[in-house]
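These notes are about the structure you will find just below.
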Amino acid sequence: ACGWNPARWEAATDVGRQAAAPFAGRRFAVRVAPGLLGGAVDDGMLADALAGAESRRWTDLRAALAALDLPGGVRDDLARLDKARNRRGVTACLDLYGTDAGRPRGVVFLAPFGIDGGGREEDGRPNATEDDASGSIAGFPLSLRRHGLDVERKAGDFAAAAGLPAGPAADLKLAGYLHDLGKADPRFQAWLHHGDPLGADPDDADTVLAKSGRLLPPTARAAAGLPENWRHEAFSVRLAPHVARFGQANDPELVLWLVGVHHGHGRPFFPHRDPDDAAPRCLPGGLGLPAELPPGPGPQSLAYDRFGFDWPMLFARLKARYGVWELARLEAVLRLADHRASEDRTGETGP
């Protein structure tokens, strides 16, 4: 229930504080709530302390908690609120955990601008592939074929580490191989090749790029003819069934879904339309793709049809098949495999 394994009822370890720590320089929160305070402070003691505060100002609420035997980490975090950037902006939220006989059951102290000395991003690095600018202009050239194999391998490693069943694990690997095929779009290749209208060599798969080695000017994307907000992963969904390996999918709908949402868009809507979907499109060779793709709508269109199902209907079917939490976990495995595979290649050169 509530996202955990419904067959397990023992107490779960809360890792919220650990997960938030790298970002404390941007946004800092202290949760003082039932279930987070160990056995020394019961729910009634916490509610009594909060109800007895002189006011609902965060400083008074914090002072009211001082007499409780709070865990060391919580006590330390409450003290760190004094280092908040713009202390006047610190707030205390008392309505997140409900009430007990009219008394607040818990409180969250929030420093919305973070604290001095806190981290600003995990491991000091931004995510590697969250948008086309960061994910495709990496400062080193990388072929689309090589990147697909890298992500396939990494997705397989992660699936094995997570103990996933053989079917979904194999589909995750296949989705990793297929996930960026949409970058083979001639307009996208022209962009990655620094605005060269010829883009990749259609007879040399190693010139079809997943990542460009050159800094591209802001105008290059529009000059290449890409529509505003165009998403390569939507085109990957269109291309995937044309690749022979797609026939190996245990659950073809799952593979398409993972390919389409690996950047967080398409759940279930994409932010673009593509007029080129109405015309045949030439594709580079060497990737197992047809030389010419016939006209047809992608998943960003309500006209998309996968055996009678449009993209939102596909989403509904997969949620019913896997459950919302398992589907989200599978999405996360592929997304992180893409991140880590890209980071592992940082600084390397060649195809």
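Residue numbers start at 1 and run along the sequence shown. Atom set for the values below is all heavy atoms of this structure, side chains included, hydrogens, waters and symmetry mates excluded.
Screening Phe270, Phe269, Phe235, Trp257 against Pro299 for a side chain to side chain contact (heavy atoms under 4.5 Å, CB included) leaves a single residue, Phe270. Checking Lys83, Arg80, Arg26, Arg85 one by one against Asp116, the salt bridge (charged side-chain N to carboxylate O under 4.0 Å, His left out) holds for a single residue, Arg85.
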What side-chain donor-acceptor pairs closer than 3.5 Å can you find for residues 102-114, not counting sequence neighbours?
unit_1: Arg103; atom_1: NE; unit_2: Asp100; atom_2: O; d: 3.0
unit_1: Arg103; atom_1: NH1; unit_2: Asp48; atom_2: OD1; d: 2.2
unit_1: Arg103; atom_1: NH2; unit_2: Asp100; atom_2: OD2; d: 2.9
unit_1: Arg105; atom_1: NH1; unit_2: Tyr97; atom_2: O; d: 3.1

Only pairs under 3.5 Å count here: list side-chain donor-acceptor contacts from residues 168-177, not counting sequence neighbours, and write none if there are none.
unit_1: Asp171; atom_1: OD1; unit_2: Asn250; atom_2: N; d: 2.9
unit_1: Asp171; atom_1: OD1; unit_2: Asn250; atom_2: ND2; d: 3.4
unit_1: Asp171; atom_1: OD2; unit_2: Asp251; atom_2: N; d: 2.9

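Ion pairing between a basic and an acidic side chain is recognised when a charged N comes within 4.0 Å of a carboxylate O; Arg306 and Asp310 show no such pairing. Look at Arg17 and Asp14 and you find no salt bridge, because none of the NZ, NE, NH1 or NH2 atoms lies under 4.0 Å from a carboxylate O. A salt bridge links Arg146 with Asp150: the closest approach of a Lys/Arg side-chain nitrogen to an acidic carboxylate oxygen falls below 4.0 angstrom. Ion pair Asp277/Arg238 flagged as a salt bridge, since at least one NZ, NE, NH1 or NH2 atom sits closer than 4.0 Å to an Asp/Glu carboxylate oxygen. Using a cut-off of 4.0 Å between Lys/Arg side-chain N and Asp/Glu carboxylate O, Lys154 and Glu343 are scored as not salt-bridged.
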Leu81 and Ile115: CA distance, side-chain angles, deciding distance, side-chain contact (heavy atoms from CB on, under 4.5 Å) verdict: CA-CA 7 Å; Leu81 288 169; Ile115 58 174; 5.5 Å; no
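Under the salt bridge (charged side-chain N to carboxylate O under 4.0 Å, His left out) criterion, Asp95 pairs with no residue at all, not counting sequence neighbours.
For Val259 against Leu334, the heavy-atom pair with the smallest separation is N-CD2, 4.4 Å. Closest approach of His263 and Asp338 over heavy atoms only: CE1-OD2, 3.9 Å. For Arg62 against Leu78, the heavy-atom pair with the smallest separation is NH1-O, 2.7 Å. The shortest heavy-atom contact between Ala190 and Ala224 is CB-CB, 4.1 Å.
If you check the side chains of Gln300 and Trp311, you find no donor sitting under 3.5 Å from an acceptor. Of the N and O atoms on the side chains of Asp180 and His232, at least one donor lies less than 3.5 Å from an acceptor on the other residue. For the residue pair His265 / His272, no side-chain donor-acceptor distance below 3.5 Å is found, with atom types taken as modelled.
A donor-acceptor pair is defined here as one N or O able to donate and one able to accept, closer than 3.5 Å; no such pair exists between the side chain of Glu233 and the backbone of His179. Ser301 contributes a side-chain N or O that, together with a main-chain N or O of Ala303, makes up a donor-acceptor pair within less than 3.5 Å. Between the side chain of His147 and the main chain of Ser143, no donor-acceptor pair closer than 3.5 Å is present.
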